[in-house]
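First the structure, in the form of structure tokens, and then the observations on it.
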Amino acid sequence: MKAILVEKDRSLTWSEVPDPVMKDEEVLVKIECAALNRADLMQREGNYPPPPGCPEWMGLEISGEIVKIGKEAAKKSNWKLGDKVCALLGGGGYAEYVTVKYDMLMPIPENCSMVEAAAMPEAFATAYLNLFIEGKIKEGDTLLMNAGASGLASVIIPMAKAFGIRVITTVLSDELAASIKHLNAEIVVNTNKENIVDVLKQQLDEGHPVTVAIDCLGGEIMGKCLPYLEHGARWIMIATLAGDLTEVNLRNIFVRNVRIIGSTLRSRKPEVKAQILADLVRDIWPKVSSGEVKPTIYKTFHITEAEAAHDVLYRGENVGKVVLTLD
């Protein structure tokens with residue numbers, strides 16, 4: 001089969017690789033679509049290696065068709081040949097085929113395309129993990145979701161809204177603010193015009209403090225925001241695109257009972273990931289089928305154009321998810 005390989009100069013090539021060897025608890029999926037994530041860029045740059053046993057090529061979420069089922073997978077699941085599925089992977093999605101443990105698969109929700117389905121497993125699982133498991137967010141709470149034009153925000157914001165959560169998000173321009181209007185966040189802050197610290201202070205003073213923050217930026221501004229959260233708030237760090245260092249008033253942390261939580265999906269144990277996927281199918285898939293929650297698809301590329309697709313993420317121009325297709 002073929003897969004996207006990273007060459008020594010970090011360019012991407014569509015190259016021949018060995019066919020995957022399926023274990024008894026796995027199924028073989030013929031891939032139709034694979035979605036991009038920033039973790040793919042980090043892996044390409046040598047900073048985010050795949051877990052042991054996973055293929056060396058990138059790709060954390062796919063949609064496709066089951067073409068082979070292992071003996072144990074057949075006993076322990078209800079999957080059938082020909083089932084259309086989406087899957088959360090440790091890696092290996094930029095390819096024609098991938099083997100997946102039976103409990104890392106999910107059915108395609110009703111009223112959902114294969115392109116949309118490919119954009120859901122990693123992003124939706126990350127959203128669910130950080131909103132409901134780490135964040136313990138509930139109806140009536142206020143969420144701060146940084147980088148509102150990102151692919152992850154395009155999932156987290158509507159997911160939060162579907163559960164009655166008030167949302168504040170940040171962007172870098174009025175153009176980006178207009179582009180995410182359909183996500184219906186209550187407050188969109190253009191941080192080139194407004195200081196997010198001032199906004200959070202005002203929200204606290206007005207009785208609408210942030211309960212949970214999901215932050216992929218970090219940097220100097222993060223520490224400055226912490227004094228203006230709800231008592232007992234959770235600030236969840238998932239990446240540090242704006243910088244690894246910040247200054248924190250530790251007294252504020254214990255006096256206001258604020259929790260700073262580091263969180264990544266990829267590092268979770270397989271059984272934890274499997275439970276998150278089962279929770280998604282139970283709690284979120286009905287809202288996908290009804291149209292309450294949908295991924296925003298920015299652009300699709302053929303798999304052979306993976307480098308051009310990566311460039312979209314490197315330039316930060318995408319509003320929503322970028323997806324590779326294998327048709």
Side-chain angles (χ1 to χ4, degrees), residues 126-150 152-174 176-177 180-264 283-284 287 292-293:
T126 298
Y128 192 93
L129 166 67
N130 291 306
L131 283 172
F132 301 109
I133 298 174
E134 295 290 5
K136 296 179 172 57
I137 205 163
K138 61 186 184 301
E139 184 177 357
D141 284 349
T142 296
L143 169 73
L144 170 64
M145 178 66 217
N146 278 332
S150 66
L152 182 59
S154 74
V155 170
I156 285 181
I157 294 173
M159 189 180 292
K161 295 288 294 177
F163 285 88
I165 295 157
R166 185 170 173 271
V167 179
I168 302 169
T169 193
T170 62
V171 292
L172 292 173
S173 69
D174 289 340
L176 287 174
I180 65 166
K181 188 175 181 180
H182 68 286
L183 299 179
N184 295 318
E186 276 76 6
I187 299 175
V188 180
V189 181
N190 176 352
T191 54
N192 279 318
K193 288 184 173 181
E194 296 181 85
N195 188 330
I196 185 61
V197 177
D198 294 337
V199 173
L200 296 185
K201 184 178 185 301
Q202 181 180 354
Q203 292 296 301
L204 177 62
D205 292 342
E206 293 177 356
H208 301 292
V210 165
T211 315
V212 175
I214 298 178
D215 187 8
C216 59
L217 301 177
E220 181 183 0
I221 200 71
M222 179 266 189
K224 295 179 179 179
C225 292
L226 296 177
Y228 304 108
L229 309 178
E230 183 177 21
H231 188 276
R234 283 78 70 196
W235 190 286
I236 302 169
M237 293 301 311
I238 61 173
T240 53
L241 299 175
D244 295 338
L245 302 179
T246 196
E247 185 175 304
V248 174
N249 181 336
L250 295 176
R251 182 176 180 81
N252 172 71
I253 296 298
F254 68 79
V255 168
R256 296 184 60 77
N257 198 26
V258 171
R259 291 167 171 80
I260 301 172
I261 301 168
S263 177
T264 61
D283 298 337
I284 307 299
K287 293 184 180 295
E292 291 178 79
V293 181

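These numbers come from a predicted model, not from an experiment.
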*Can you name the nearest heavy-atom pair linking I236 to S263, along with the distance?*
CG2-CB, 3.8 Å

*Nearest heavy-atom pair of V293 and A162: which atoms, and what distance?*
CG2-CB, 3.7 Å

*Which pair of heavy atoms, one from V255 and one from H231, lies closest together, and at what distance?*
O-NE2, 3.5 Å

*To the nearest 0.5 Å, how far apart are CE in M237 and CG in N130?*
11.0 Å

*OG1/T169 to CD1/I180 distance, rounded to the nearest 0.5 angstrom?*
5.0 Å

_Between CD1 on residue I156 and CE on residue M145, distance to nearest 0.5 Å_ = 4.0 Å

Table please: side-chain donor-acceptor pairs of residues 194-201 below 3.5 Å, with sequence neighbours left out.
unit_1: N195; atom_1: OD1; unit_2: V197; atom_2: N; d: 2.8
unit_1: K201; atom_1: NZ; unit_2: D205; atom_2: OD2; d: 3.2

*Between atom CD1 of I253 and atom CH2 of W235, what is the distance when rounded to the nearest 0.5 Å?*
10.5 Å

*Is any side-chain heavy atom of P209 closer than 4.5 Å to a side-chain heavy atom of L229?*
no

*Under 4.0 Å between a Lys/Arg side-chain N and an Asp/Glu carboxylate O for E292 and K161?*
no

*Does M222 reach the side chain of N146, with side-chain heavy atoms less than 4.5 Å apart?*
no

*Can you name the nearest heavy-atom pair linking T246 to G223, along with the distance?*
OG1-N, 2.9 Å

*How about E247: does its CD atom have over 12 heavy atoms from other parts shown lying under 6.0 Å from it?*
no

_Validation row: L131, I214 side chains within 4.5 angstrom (heavy atoms)_ = yes

*Any chance you could measure I137, atom CD1, to F163, atom CZ, to the nearest 0.5 Å?*
11.5 Å

*Do R166 and D141 have side-chain heavy atoms sitting under 4.5 Å apart?*
no

*asked:* According to ring pair (Phe, Tyr, Trp, His ring centres under 6.0 Å), who are the partners of Y228, at least two apart in sequence or on a separate chain?
replied: none

*asked:* Using side-chain heavy atoms (C-beta onward) and a distance below 4.5 Å, is T142 in contact with Q203?
replied: no

*Check whether any side-chain N or O of R234 sits under 3.5 Å from a backbone N or O of G135 as a donor-acceptor pair, and report yes or no.*
yes

*Nearest heavy atoms of V167 and A160, plus distance in Å*: CG2-CB, 4.0 Å

_Other residues, nucleotides and ligands only: do more than 12 of their heavy atoms fall within 6.0 Å of CD on E186?_
yes

*If you measure from CG on L172 to OG1 on T191, what distance do you get to the nearest 0.5 Å?*
4.5 Å

*Nearest heavy-atom pair of A147 and A153: which atoms, and what distance?*
O-CB, 3.3 Å

